[in-house]
Amino acid sequence: RTLDIPVFDPTPLVQDYGVARALAPDQGHYTDEFRAIIGDALVRFIESVHSGARVTAPDQMDQRYFLEDLHAPPVPA
């Protein structure tokens, strides 16, 4: 927070989905079924950082973004 660096926090998403369903038995990896969900949330976070939105938690992301938008040319300053 001191440096104002956006940080992706997957905790709320894992909790909402259910820890047992989201994490593999080793508790160090995501389950196959959860990978697509966390992956989508991570892509949306990256896009929000890229656009300057400063979204830090999956529950703050109310818009659906698309992967192809990552390849859009940069907007001139």
Side-chain angles (χ1 to χ4, degrees):
R1 291 182 184 190
T2 303
L3 298 175
D4 193 30
I5 298 172
V7 176
F8 179 75
D9 180 9
T11 305
L13 192 59
V14 170
Q15 290 174 337
D16 289 348
Y17 195 76
V19 174
R21 289 179 60 207
L23 297 179
D26 67 5
Q27 299 286 302
H29 296 89
Y30 295 121
T31 61
D32 290 342
E33 68 180 273
F34 188 66
R35 284 186 189 145
I37 294 165
I38 195 72
D40 185 54
L42 187 55
V43 167
R44 289 182 282 141
F45 169 76
I46 292 166
E47 291 173 335
S48 74
V49 170
H50 179 71
S51 70
R54 298 288 188 249
V55 174
T56 59
D59 61 338
Q60 293 175 305
M61 296 182 245
D62 56 9
Q63 289 185 329
R64 175 128 179 107
Y65 297 96
F66 298 98
L67 188 58
E68 56 267 15
D69 292 339
L70 288 174
H71 303 291
V75 177

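Numbers here are sequence positions counted from 1. Predicted model, so just to flag it, every value in this text is computed and none were measured.
Checked against side-chain hydrogen bond (donor to acceptor under 3.5 Å, both in side chains), Q27 has no partners two or more places apart in sequence or in another chain. R21 is linked by a side-chain hydrogen bond (donor to acceptor under 3.5 Å, both in side chains) to Y17, E33, counting only residues two or more places apart in sequence or in another chain. When the side-chain hydrogen bond (donor to acceptor under 3.5 Å, both in side chains) test is applied to Y30, no partner is found at least two apart in sequence or on another chain. Remark: D32 engages R35 in a salt bridge (Lys or Arg N to Asp or Glu O under 4.0 Å) (not counting sequence neighbours).
For the atom pair L13 CG and I37 CD1, the distance stands at 7.0 Å (nearest 0.5 Å).
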Kindly indicate, with the supporting measurements, whether the criterion side chain to side chain contact (heavy atoms under 4.5 Å, CB included) is fulfilled by F8 and V49. CA-CA 10 Å; F8 179 75; V49 170; over 6 Å; no
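The shortest non-hydrogen separation linking A24 to T31 is N-CG2, 3.7 Å. Summarising the geometry of V7 relative to F45, their closest heavy-atom pair is C-CZ, 3.6 Å, with the distance given to 0.1 Å.
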